[in-house]
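See below for the structure under consideration.
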Amino acid sequence: MPPGSRMAGPHVRRIRTLLMKRVLFFLLLSTLPVWAVDPGGTSTLLRLSAAQLDEFDSTRWVTLTTDQQELLHHRAGVSPTRVQIDYDSPDGERAELACNIALKTSTDQIKVLHRFLLSDEAAKKKRQDNRRMIEASGPGTTKEIPEFAIDSEGKLWRWISRGDLESYIARDPKKIQIIYLRTPSSQPSKNTVASDDTLRQVTNYSKRQGVPTYVISKH
């Protein structure tokens with residue numbers, strides 16, 4: 001047996017064990033929910049589960065898991081129970097009224113914007129304050145501002161039909177201040193003839209009812 005081989009054996013085994021631990025550590029990381037942080041620390045990316053995607057499809061809200069809430073609290077100092085999903089970062093008056101906003105960045109991923117994060121209690125108070133402020137402005141200022149998304153098959157968000165939307169507008173068009181319409185220009189599905197047709201039909205009907213529309217297609 002070569003000199004020093006008895007000492008080399010345990011040393012090599014320790015190195016192999018250390019390397020194996022590192023490999024296992026990185027394999028474990030790859031199985032965890034994907035998240036990342038912007039370089040400036042202004043947002044956090046979270047991957048959505050199938051259940052969260054179903055909730056988003058139905059309500060446009062997402063209930064965060066315990067791990068996601070803990071991550072947000074660690075990164076931003078506060079975390080709500082739920083976040084509301086959008087496609088464009090709020091600006092202007094909408095930014096002043098918004099809270100707990102996340103942007104849909106891919107099929108199963110959202111970017112939670114830290115600057116809009118509030119605790120559940122603080123978010124509830126903000127919404128109440130917003131409503132009181134609007135109501136205090138005088139009659140006619142509490143008009144509805146509905147928002148709908150049109151998918152690549154021409155269906156409206158929440159699966160409301162075009163006829164149902166027209167009935168909704170016709171019930172009390174004077175109560176509606178403006179209707180926001182979104183198109184899936186940069187989401188997984190692109191614009192199609194179906195979505196373009198529905199957008200044109202809804203826009204024209206709203207115009208005939210005296211209700212302005214605003215199309216958001218820059219995502």
Side-chain angles (χ1 to χ4, degrees), residues 21-22 24-136 142 144-149 151 157-159 180-189 216-219:
K21 288 181 178 179
R22 290 185 177 181
L24 291 174
F25 173 74
F26 286 110
L27 285 175
L28 176 61
L29 282 182
S30 67
T31 64
L32 296 175
V34 174
W35 61 272
V37 178
D38 280 355
T42 59
S43 63
T44 299
L45 299 180
L46 299 176
R47 177 166 291 172
L48 304 181
S49 66
Q52 287 175 316
L53 287 172
D54 286 341
E55 181 184 12
F56 163 72
D57 288 340
S58 301
T59 68
R60 204 161 183 178
W61 286 79
V62 165
T63 300
L64 302 177
T65 66
T66 301
D67 289 344
Q68 290 170 337
Q69 290 184 55
E70 290 178 351
L71 174 62
L72 279 180
H73 194 275
H74 173 72
R75 289 294 308 159
V78 62
S79 176
T81 301
R82 299 196 307 163
V83 293
Q84 187 173 19
I85 312 302
D86 209 337
Y87 294 108
D88 296 296
S89 182
D91 56 8
E93 181 180 351
R94 187 162 176 269
E96 294 179 5
L97 302 177
C99 61
N100 297 334
I101 297 293
L103 305 182
K104 191 85 154 41
T105 57
S106 69
T107 306
D108 63 348
Q109 187 170 263
I110 60 174
K111 177 191 288 186
V112 182
L113 304 178
H114 293 177
R115 68 190 180 102
F116 291 104
L117 284 178
L118 294 175
S119 66
D120 291 343
E121 183 178 351
K124 180 179 179 180
K125 183 179 184 301
K126 180 178 179 63
R127 295 187 184 101
Q128 292 173 342
D129 290 343
N130 289 345
R131 180 170 293 277
R132 282 194 293 267
M133 177 183 66
I134 294 173
E135 291 175 348
T142 56
E144 297 177 10
I145 305 180
E147 186 173 309
F148 300 92
D151 66 18
W157 177 60
R158 285 185 176 174
W159 306 111
Y180 286 98
L181 298 168
R182 295 179 176 271
T183 57
S185 59
S186 63
Q187 289 310 106
S189 55
I216 302 172
S217 58
K218 182 182 178 182
H219 297 163

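These figures come from a predicted structure and were not determined experimentally.
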Original post:
Can you name the side-chain contact (heavy atoms from CB on, under 4.5 Å) partners of Glu121, sequence neighbours left out?
Top reply: Ser119
Original post:
Got a sec, which residues hit side-chain contact (heavy atoms from CB on, under 4.5 Å) with Ala123, two or more places apart in sequence or on another chain?
Top reply: Cys99, Asn100, Leu118, Arg127
Original post:
Does the side-chain contact (heavy atoms from CB on, under 4.5 Å) test come out yes or no for Val62 and Leu46, once each step is laid out?
Top reply: CA-CA 11 Å; Val62 165; Leu46 299 176; over 6 Å; no
Could you tell me the separation between the [atom1] atom of [X] and the [atom2] atom of [Y], rounded to the nearest 0.5 Å?
{"X": "Lys111", "Y": "Thr44", "atom1": "NZ", "atom2": "OG1", "answer": "10.5 Å"}
{"X": "Lys125", "Y": "Asn130", "atom1": "NZ", "atom2": "CG", "answer": "10.0 Å"}
{"X": "Leu113", "Y": "Ile101", "atom1": "CG", "atom2": "CD1", "answer": "7.5 Å"}
{"X": "Arg82", "Y": "Gln52", "atom1": "CZ", "atom2": "CD", "answer": "12.0 Å"}
{"X": "Leu45", "Y": "Thr105", "atom1": "CG", "atom2": "OG1", "answer": "5.5 Å"}
{"X": "Ile110", "Y": "Leu48", "atom1": "CD1", "atom2": "CG", "answer": "4.5 Å"}

Results of side chain to side chain donor-acceptor pair (under 3.5 Å) for [X] - residues two or more places apart only:
{"X": "Glu55", "value": "Thr63"}
{"X": "Thr65", "value": "Gln68"}
{"X": "Asp120", "value": "Thr81"}
{"X": "Lys126", "value": "none"}

Original post:
Between Phe116 and Ala95, which heavy-atom pair has the shortest distance, and what is it?
Top reply: CE2-O, 3.5 Å
Subject >> Closest approach of Ala76 to His114 (non-hydrogen atoms, all atoms of both residues) >> reply: CB-CG, 3.8 Å
Subject >> Donor-acceptor pair, side chain of Gln69 and main chain of Ser79, under 3.5 angstrom >> reply: no
